[in-house]
Amino acid sequence: MRRPADSRSVRRSIERAVDGSPLHLDEIETLLELDDAADAAYLFEAAQTVRQRWFGRTIFLYGFVYFSTYCRNHCTFCFYREGNRESPRYRKTEDEVVRAARDLAESGVHLVDLTMGEDPEIHDEEQFERLIGLVRRVRREVDVPVMVSPGVVGRDVLRDLRDAGADWYACYQETHDRALYRRLRPGQDYDRRQASRSEALALGLHAEDGILLGVGESARQRARSLMTMRAQGVQQVRVMGFVPQKGTPLADLPQPSLLAEMVTLATMRLVMPDRLIPASLDIDGLRGLEARLRAGANVVTSIIPPDSGLAGVSQSTLDIDQGYRTVAGVERHLAPLGLKTAGRAEFRAWLAGADPRHLARRANDRG
Ligand code: SAM
Ligand code: MD0
Ligand code: SF4
């Protein structure tokens, strides 16, 4: 049994991480278990210091287009799992997706995330050309960097997506513990999902991995996830606090606290200082944005055009039609934290492999 860590050794680990030493599994686990308010505040300050060093004061904004909510899978946490009659089902046309992407780009997002369930019309019928053509059109007509989140797809499809102009492939493992994975993503191959991100990276795409918080995992399992994500070398990592969904097997599981999510996010920032880490509007809407930014996030995701009929994943409607999940809605919350929206060129430079420390220096020079 590990003894609970005292505050002094916790702070020593945090300082070592700020100085650039890689944290060990035990230390990561200890940080992930923090529930003392003063220690947590110390952790958040450290996460901000590290973010500032790598990214300066600038924040990237991602638009979200959930263009097909049909899915063949049975993820136990997901509102859109096959057979759930509670969730809104739709497929947007190509024109509708291009319009939403254009609206988002004009409103100032740095990237558009084209997301779908594992729609059987596409996945079972091998109709990936529809997705590839969609990416090609968005790249050609809107000229905004694109992330695709289509579920697990093969190497050839990833290559065609890249050739069509996709910059990013997002595919979250949720947990890097095989037994828990089987409970969260029943019937889905663990290694196949993990390998899809490696294939994307090998093809020159950027990749994102992520974990769910509050789905029965231990702090040890979370710590192992962080180490696995660090080792795979993806450029973006996230934690999503679980939101219970009507009509799903995990509907009665309680939602984890905002503090627990902040502690996880800040620990990720110390473990993977130079990666992009999102604050998603899809968990609490705007309400929890400042907290996630204070914990060290440097991207805001799930910006959705109001009145577009588009849904979120874990908060299908929250804040959307009120126009709060917009660039203007987000920007109001940046200035009080001393943060600001990055320029378009800054995001492209980061994507092109510009040394993010260069961005930090420039941002500091500007004051
Ligand atoms: N269908 C594709 C897939 O599963 O890879 C793309 C959808 S992906 C955007 C859905 C992600 O949202 C999941 O991987 C999960 O991390 C997150 N998510 C889904 N339901 C959630 C919930 N109830 N609470 C928190 N996060 C959730
Ligand atoms: C988000 N709802 O950013 C989106 C989604 C998929 N790549 C992202 C989980 O929170
Ligand atoms: Fe389908 Fe993705 Fe939801 Fe799983 S998380 S049920 S694959 S939409």
Side-chain angles (χ1 to χ4, degrees), residues 60-84 86-89 104 109 111-120 122-123 131 146-153 166 168-175 181 184-189 192-194 196-197 200 206-215 225 234 236-251 253-256 261 276-285 288-289 292 297 299-304 310-320 325 330:
F60 300 133
L61 308 179
Y62 291 4
F64 182 63
V65 181
Y66 198 4
F67 68 91
S68 167
T69 63
Y70 285 88
C71 191
R72 63 180 180 177
N73 286 337
H74 299 88
C75 302
T76 48
F77 53 84
C78 183
F79 198 33
Y80 300 92
R81 72 200 297 269
E82 199 268 331
N84 188 11
E86 304 278 347
S87 61
R89 301 280 177 191
L104 285 164
V109 302
L111 169 149
V112 171
D113 177 1
L114 302 179
T115 294
M116 61 185 221
E118 287 200 2
D119 185 339
I122 294 182
H123 277 260
L131 171 65
V146 167
M147 171 183 273
V148 285
S149 310
V152 172
V153 297
W168 284 89
Y169 173 64
C171 183
Y172 314 141
Q173 201 73 19
E174 326 297 357
T175 174
Y181 177 92
L184 297 175
R185 289 190 167 269
Q188 299 172 50
D189 190 277
R192 195 59 214 91
R193 197 166 177 88
Q194 182 76 11
S196 68
R197 283 185 305 278
H206 291 72
E208 181 181 17
D209 194 1
I211 58 169
L212 282 173
L213 179 75
V215 286
S225 274
V234 294
Q236 184 166 303
V237 287
R238 72 163 61 203
V239 53
M240 296 281 287
F242 168 66
V243 182
Q245 304 294 337
K246 267 202 202 130
T248 65
L250 301 186
L253 205 65
Q255 184 159 357
E261 195 182 320
L276 304 178
I277 305 183
S280 175
L281 296 171
D282 204 29
I283 302 167
D284 284 332
L289 178 62
R292 291 176 176 86
V299 181
V300 179
T301 65
S302 213
I303 291 172
I304 298 179
L310 290 162
V313 171
S314 33
Q315 289 288 0
S316 59
T317 56
L318 179 69
D319 281 357
I320 298 176
R325 267 160 85 160
V330 168

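Just so you know, ligand 1 is whichever comes first in the structure, and atom 1 is the first atom listed for that ligand.
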Item checked: ligand 1 versus Met116: contacting region, heavy-atom distance under 4.0 Å ->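 For Met116, the contact with ligand 1 is made by the backbone alone.
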Next item on the list: Heavy-atom distances under 4.0 Å are what count here, so tell me which part of Leu212 touches ligand 1: side chain, backbone, both or neither.
Entry: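 Within the 4.0 Å criterion, Leu212 contacts ligand 1 through side-chain atoms alone.
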Note to self: If we set the cut-off at 4.0 Å for heavy atoms, which region of Tyr172 has an atom near ligand 2: side chain, backbone, both, or neither?
What the structure shows: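 Side chain only.
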Of the protein's non-hydrogen atoms, which lies at the shortest distance from [atom], and what is that distance?
{"atom": "atom 11 (C) of ligand 1", "value": "Tyr172 CD1, 3.8 Å"}
{"atom": "atom 3 (O) of ligand 2", "value": "Thr301 OG1, 2.8 Å"}
{"atom": "atom 2 (N) of ligand 2", "value": "Asp282 OD2, 3.0 Å"}
{"atom": "atom 5 (C) of ligand 2", "value": "Phe64 CE1, 3.6 Å"}
{"atom": "atom 20 (N) of ligand 1", "value": "Phe77 CD1, 3.4 Å"}
{"atom": "atom 9 (C) of ligand 2", "value": "Arg238 NH1, 3.7 Å"}
{"atom": "atom 15 (C) of ligand 1", "value": "Glu174 OE1, 3.4 Å"}
{"atom": "atom 21 (C) of ligand 1", "value": "Ser314 CB, 3.7 Å"}

Check: [Y] and [X] side chains under 4.5 Å, non-hydrogen atoms:
{"X": "Leu289", "Y": "Val330", "result": "yes"}
{"X": "Gln245", "Y": "Ser314", "result": "yes"}
{"X": "Ser149", "Y": "Glu208", "result": "no"}
{"X": "Val152", "Y": "Cys171", "result": "yes"}
{"X": "Leu111", "Y": "Phe60", "result": "no"}
{"X": "Gln255", "Y": "Ile283", "result": "yes"}

Check: How far does CZ of Arg292 sit from CG of Leu281, to the nearest 0.5 angstrom?
Finding: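 So the CZ of Arg292 and the CG of Leu281 are separated by 8.5 Å.
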Margin query: With heavy-atom distances below 4.0 Å as the criterion, list the atoms of ligand 3 near Tyr66.
Written below: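 Those qualifying, in numeric order: 8 (S).
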Margin query: Any protein heavy-atom neighbour for atom 8 (S) of ligand 1 (distance below 4.0 angstrom)?
Written below: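 No, no protein heavy atom sits under 4.0 Å from atom 8 (S) of ligand 1.
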Margin query: Would Arg81 and Thr248 count as a side-chain hydrogen bond (donor to acceptor under 3.5 Å, both in side chains) here? Give the steps.
Written below: CA-CA 8 Å; Arg81 72 200 297 269; Thr248 65; over 6 Å; no
Notebook entry, point to check: Are any of the heavy atoms in Gly210 under 4.0 Å away from ligand 1?
Noted result: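 Flag not set, Gly210 not near ligand 1.
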Check: Is the closest heavy-atom distance from Cys171 to ligand 1 below 4.0 Å?
Finding: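 No; Cys171 lies far enough from ligand 1 that no heavy-atom distance drops under 4.0 Å.
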Item checked: Heavy-atom nearest neighbour of atom 5 (O) of ligand 1 within options Arg193, Arg238, Gln173 ->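 It is Arg193 whose heavy atom sits nearest to atom 5 (O) of ligand 1.
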Margin query: Among Val313, Val243, Asp113, which one puts a heavy atom closest to atom 23 (N) of ligand 1?
Written below: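 Shortest heavy-atom distance from atom 23 (N) of ligand 1: Val243.
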Any atoms of ligand 2 less than 4.0 Å from a non-hydrogen atom of [X]? List them with their elements.
{"X": "Ser302", "answer": "1 (C), 2 (N), 3 (O), 4 (C), 10 (O)"}
{"X": "Ser149", "answer": "6 (C), 7 (N)"}
{"X": "Asp113", "answer": "6 (C), 7 (N), 8 (C)"}

Please check this pair: side chain of [X] against backbone of [Y], looking for a donor-acceptor N/O pair closer than 3.5 Å.
{"X": "Arg193", "Y": "Gly151", "answer": "no"}
{"X": "His123", "Y": "Gly117", "answer": "no"}
{"X": "Thr76", "Y": "Pro249", "answer": "no"}
{"X": "Glu86", "Y": "Phe79", "answer": "no"}
{"X": "Ser68", "Y": "Met116", "answer": "no"}
{"X": "Asp319", "Y": "Asp284", "answer": "no"}
{"X": "Glu174", "Y": "Tyr181", "answer": "no"}

Notebook entry, point to check: Does a side chain donor of either Tyr62 or Gln236 reach within less than 3.5 Å of an acceptor in the other side chain?
Noted result: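 Yes.
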Atom indices of ligand 1, in the order listed, that fall short of 4.0 Å to a heavy atom of [X]:
{"X": "Ser149", "value": "6 (C)"}
{"X": "Arg185", "value": "3 (C), 4 (O), 5 (O), 14 (O)"}
{"X": "Met240", "value": "26 (N)"}
{"X": "Gly241", "value": "24 (N), 25 (C)"}

Note to self: Taking 2.8 Å as the limit, list every protein N, O or S atom around atom 4 (Fe) of ligand 3, by chain and residue number.
What the structure shows: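 As for protein N, O or S atoms lying under 2.8 Å from atom 4 (Fe) of ligand 3, they are Cys75 SG.
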Next item on the list: In sequence, state the C-alpha distance, the side-chain angles, and the governing distance for Thr301 and Asp282, and then conclude on side-chain contact (heavy atoms from CB on, under 4.5 Å).
Entry: CA-CA 8 Å; Thr301 65; Asp282 204 29; over 6 Å; no
Next item on the list: Could you tell me whether ligand 2 has any atom less than 4.0 Å away from a heavy atom of Tyr66?
Entry: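 No.
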Checklist line | Parallel, tilted or perpendicular: ring planes of Tyr66 versus Tyr80, cut at 30 and 60 degrees | finding: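 Tyr66 and Tyr80: perpendicular rings.
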Item checked: Geometric N/O contact Ser280 with ligand 2, under 3.5 angstrom ->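 Ser280 vs ligand 2: N/O contact under 3.5 Å present.
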Margin query: Using a 3.5 Å cut-off on N or O atoms only, is Thr115 in polar contact with ligand 1?
Written below: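 There is no such contact.
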Notebook entry, point to check: Can you list the steps and then say if Gln173 with Arg197 is a side-chain hydrogen bond (donor to acceptor under 3.5 Å, both in side chains)?
Noted result: CA-CA 10 Å; Gln173 201 73 19; Arg197 283 185 305 278; 3.0 Å; yes
